[in-house]
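Okay, structure first, notes after.
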2 protein chains.
Amino acid sequence: MIQEKLKEYFSVVFEEDLIQEIIEVGTYKKVKENELLLDLGDKFDKIPLMLNGAIKISREDDNGDEIVLYFLERGDTCTITFGSGLTSSKSKVRGVAEKDSEVVFIPIHKLEEWLVKYKSWRNFVIDSYNIRLSEMLEAIDTLAFMKMDQRLYKYLTDKVKIMRDSTLNTTHQKIAQDLNTSRVVVSRLLKQLENEGKIKLHRNKIEVLEF
Amino acid sequence: MIQEKLKEYFSVVFEEDLIQEIIEVGTYKKVKENELLLDLGDKFDKIPLMLNGAIKISREDDNGDEIVLYFLERGDTCTITFGSGLTSSKSKVRGVAEKDSEVVFIPIHKLEEWLVKYKSWRNFVIDSYNIRLSEMLEAIDTLAFMKMDQRLYKYLTDKVKIMRDSTLNTTHQKIAQDLNTSRVVVSRLLKQLENEGKIKLHRNKIEVLEF
DNA sequence: TCTTTTGTGTAACAAAAGTTACATCTATAA
DNA sequence: TTATAGATGTAACTTTTGTTACACAAAAGA
């Protein structure tokens, strides 16, 4: 089961031998929607490799304020966990499943071993870091250069892409949490987006019309 | 000259053989204060390794708006350049010397070669990425959770640490650029910080009293 | 059914940040 | 010396965002 999925998704990326090793040492895990997958601050001795689904990665500060960083999809890994020992910061990185997802955990000591052994693993690790860095840059751009209305619309369209569904099942309150603002602000700006014809509002549901 | 400095700064980190290779293939460069070291968007076939000095890394968007991400110091490298081919984004990452600095450039194709060959290089690359990621997280925290007065004070104290000098030679206008706000806002908040006894203002100069 | 919880809409106000305008002041060049 | 450019201080105003308060509607539960 896990073997088949690993082969199906990663045979293009990884050498046969490496896939075999992943099957041997990896731990398979199913994560239900809204379940907490990882919580840093915790020490992390394994790294997650996404088989399918979607994980929302967010940052939380001491006051419980939160901000969404990006989403993980099939084939992604969460490189931030590699260095969880280093960051002495109080803030946390959290990963919560946005839909039912499947993940393989790989013991962290294999990371270096495989760097020597497999070219495909070297590429994968370097690429993962680069993708993560550029996603962090995108988050920084969003925070630094966009107003809340633009941030909100970006959030909605990003989520539509990840969920592969133009109708989002969510509430204004939850969106406000993800953007670190208040429910009233979100309601106000959503109504504005609706008036501009970009979305359609329902209870517990938002249709995104253009994206 | 470059040999001595490399040995002096990196003999603790790198194996003897690796330092020898760096000396052979690296290109040494002096960068004067305010000089542009790197500008991404440009393709980058070499990665910088800091010998000494300080480089300000900032993000610039299409409109020319800018935001400072972090500073590089001795021993740092700029992992963002590794993946410069990937990021198709229009925005740019820039590196400008904050003081006279010395840098060794390493051809990017050596990166993978050395990953296989040297354990110290593997650690260095992974550590660099992790440090960079956590610095990006800090930038995100600052943008997401702090008001402008706090961001300004953090900027001043961070810069004092990097410059190893509690008196900063700068202008309100330059600070405003680094924080992506306006000169008037900076002047207003600086005056407020002065009234709180945290800094002392002079023409072209700011003394940071506590940090 | 009636009650309670949850989600949404909106007004009124407060705080933070951005903008425009102008007055000084200082260093430097002509 | 005088003129000019750059730097700072500050008032007045606008826009954006955050807060408080309350009305109402839909869903869930008793």
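Labels below follow one simple rule: chain letters A, B, ... track the order of the sequence lines, proteins then strands, and each chain is numbered from 1.
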Q: Identify, between A:Met146 and A:Arg183, the residue whose nearest nucleotide on DNA chain D lies closer to the 5' end.
A: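 Counting from the 5' end, the first nearest nucleotide belongs to A:Met146.
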Expressed in angstrom and rounded to an integer, what is the separation of [X] atom [atom1] from [N] atom [atom2]?
X        : N      : atom1 : atom2 : result
A:His202 : D:dA26 : NE2   : C1'   : 15 Å
A:Lys191 : C:dA11 : NZ    : C1'   : 15 Å
A:Arg151 : D:dT16 : CZ    : P     : 15 Å
B:Gln173 : C:dG18 : CD    : C1'   : 14 Å
B:Gln192 : C:dA16 : CD    : C1'   : 11 Å
A:Leu179 : D:dT16 : CG    : C1'   : 15 Å
A:Phe145 : C:dA17 : CZ    : P     : 17 Å
B:Asn63  : C:dG18 : CG    : P     : 15 Å

Q: Let me know, please, whether A:Arg188 or A:Glu194 comes out on the 5' side of the other along DNA chain C by nearest nucleotide.
A: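 Its nucleotide being nearer the 5' end, the pick is A:Glu194.
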Q) Which part of the nucleic acid does B:Ser182 contact within heavy-atom distance under 4.0 Å: base, sugar-phosphate only, or nothing? A)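 Base: the residue B:Ser182, judged by heavy atoms under 4.0 Å, touches a nucleobase.
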Would [X] and [Y] pass as an ion pair if we require N to O under 4.0 Å?
X        : Y       : result
A:Lys99  : A:Glu33 : no
B:Lys32  : B:Glu35 : no
A:Arg164 : A:Glu73 : yes

From the options [options], select the nucleotide whose nearest atom is closest to the side chain of [X].
X        : options                : answer
B:Lys147 : D:dT10, C:dA16, D:dT19 : C:dA16
A:Val184 : D:dT8, D:dT19, C:dG18  : D:dT19
B:Asn204 : D:dA7, D:dT19, C:dG18  : D:dA7
B:Thr171 : D:dA7, C:dA17, D:dT19  : D:dA7

**Q.** N or O in side chain of B:Ser187 less than 4.0 angstrom from D:dT10 OP1/OP2
**A.**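 So the side chain of B:Ser187 is outside the cut-off, no N or O lying under 4.0 Å from OP1 or OP2 of D:dT10.
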Q.
I'd like to know if A:Arg203 reaches the base of C:dT6 with its side chain, counting only an N/O donor and acceptor under 3.5 Å.
A.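 When only heavy-atom distances are counted, A:Arg203 does reach the base of C:dT6 through a donor-acceptor pair under 3.5 Å.
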Q: Describe, in one word, how the ring planes of B:Phe124 and B:Phe10 are oriented to each other, choosing from parallel (under 30°), tilted (30 to 60°) and perpendicular (over 60°).
A: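 The arrangement is perpendicular - the two ring planes meet at more than 60°.
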Q | Nearest heavy-atom neighbours spanning A:Glu194 and A:Leu201 | A |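 Here A:Glu194 and A:Leu201 meet closest at OE2-N, 2.9 Å.
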